[in-house]
Q: 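Got a structure for you, written out below as structure tokens; questions coming shortly.
Since this is a predicted model, take the numbers as computed values, not measurements.
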Amino acid sequence: MDTPTTVIVTDSAARRISEILSAEAPESALRVSVEGGGCSGFQYRFDVTRERNADDIVIEQDGATVLVDKVSLDYMSGCRIDFVDDLIGAAFKIENPHATASCGCGTSFSI
């Protein structure tokens with residue numbers, strides 16, 4: 001894949017992640033990963049964790065720490081993680097340049 005190996009966390013997402021982590025144990029981070037499943041073949045998973053792997057990509061921004069494992073990064077490079085709060089509800093939204101299709105809920109995609 002020729003897309004850059006970066007994952008962008010928007011200011012809105014960083015603020016929300018920071019709020020979530022402030023209620024967790026010190027040194028907690030939000031792990032974003034990709035696993036098989038969902039209605040489109042792959043799905044995003046969000047977990048609060050204190051465990052870090054040696055090959056994790058660590059993104060730190062405005063009090064937020066996001067971890068992406070090396071395997072998930074193959075599917076997420078070039079992604080933009082945002083937090084949207086609108087009339088329909090509040091949720092993290094991932095814009096993935098590799099996704100060829102995604103489901104209505106926005107948490108599953110296909111490549």
Q: How far apart are the closest heavy atoms of Gly36 and Gln43, and which atoms are they?
A: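 Scanning both residues, the minimum pair turns out to be O-NE2, 4.0 Å.
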
Q: Looking only at heavy atoms, which two atoms of Arg50 and Ala25 are closest? And how far apart?
A: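 In terms of heavy atoms, the two residues are closest at CD-CB, 3.6 Å.
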
Q: Decide side-chain contact (heavy atoms from CB on, under 4.5 Å) for Val32 and Arg45; before the verdict, give the C-alpha distance in whole Å, the side-chain angles of both, and the deciding distance to 0.1 Å.
A: CA-CA 6 Å; Val32 182; Arg45 182 176 171 139; over 6 Å; no

Q: Given Leu30 and Thr65, is the side-chain contact (heavy atoms from CB on, under 4.5 Å) satisfied, shown in steps?
A: CA-CA 6 Å; Leu30 181 70; Thr65 303; over 6 Å; no

Q: Over 60° means perpendicular and under 30° means parallel, so tell me whether Phe92 and Phe46 are parallel, tilted or perpendicular.
A: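 If you compare the ring of Phe92 with that of Phe46, the planes turn out parallel.
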
Q: For Gly63 versus Ser18, what's the shortest heavy-atom pair and its separation?
A: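 Minimum heavy-atom contact is O-OG, 3.7 Å.
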
Q: When you measure from the side chain of Arg31 to the backbone N and O of Val66, does any donor-acceptor pair fall under 3.5 Å?
A: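 Not at all, since once roles are kept as given, no pair shorter than 3.5 Å links the two residues.
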
Q: Taking Asn53 for its side chain and Asp56 for its backbone only, find out whether a donor-acceptor pair lies under 3.5 Å.
A: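 Absent.
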
Q: Ignoring hydrogens and geometry, is there a side-chain-to-backbone donor-acceptor pair from Ser22 to Glu19 under 3.5 Å?
A: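 At least one qualifying donor-acceptor pair exists.
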
Q: CG of Leu73 to OG of Ser33: how many Å apart, nearest 0.5 Å?
A: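 The CG atom of Leu73 sits 12.0 Å away from the OG atom of Ser33.
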
Q: Which atom pair, heavy atoms only, marks the closest approach of Ser28 to Leu21?
A: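 Where Ser28 meets Leu21 most closely, the heavy atoms are O-CD1, 3.7 Å.
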
Q: Judged by atom type as modelled, is there a donor-acceptor pair below 3.5 Å linking the side chain of Gln61 to the main-chain atoms of Val9?
A: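 Side chain of Gln61 to backbone of Val9: a pair is present.
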
Q: Testing the basics here: between Glu51 and Thr49, what is the closest heavy-atom pair and its distance to 0.1 Å?
A: N-OG1, 2.9 Å

Q: If we check side chain to side chain contact (heavy atoms under 4.5 Å, CB included) with Arg80, which of these qualifies: Thr6, Asn96, Ile94, Thr10?
A: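 Going through the options one by one, the only one that passes is Thr10.
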
Q: Which value, rounded to the nearest 0.5 Å, describes the distance between Ile81 atom CD1 and Ile59 atom CD1?
A: 6.0 Å

Q: Any chain of hydrophobic side-chain contacts (each under 4.5 Å) joining Ile57 to Met76?
A: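 Shared cluster, yes.
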
Q: Should Leu67 and Val34 be counted in the same cluster of Ile, Leu, Val, Met, Phe, Trp and Tyr side chains packed under 4.5 Å apart?
A: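 In one cluster: no.
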
Q: Minimum heavy-atom separation for Asp55 to Lys70, with atom names?
A: OD2-CB, 3.4 Å

Q: Is there a path of hydrophobic side-chain contacts, each under 4.5 Å between heavy atoms of I, L, V, M, F, W or Y residues, that connects Ile20 with Val84?
A: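 Shared cluster, no.
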
Q: Okay, side chain of Asp11, backbone of Ala14: is any donor-acceptor separation there less than 3.5 Å?
A: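 Between the backbone of Ala14 and the side chain of Asp11 there is no qualifying donor-acceptor contact (under 3.5 Å).
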
Q: Are Val48 and Tyr44 connected in the hydrophobic side-chain network, where two residues link if heavy atoms are under 4.5 Å apart?
A: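 Cluster IDs for Val48 and Tyr44 match.
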
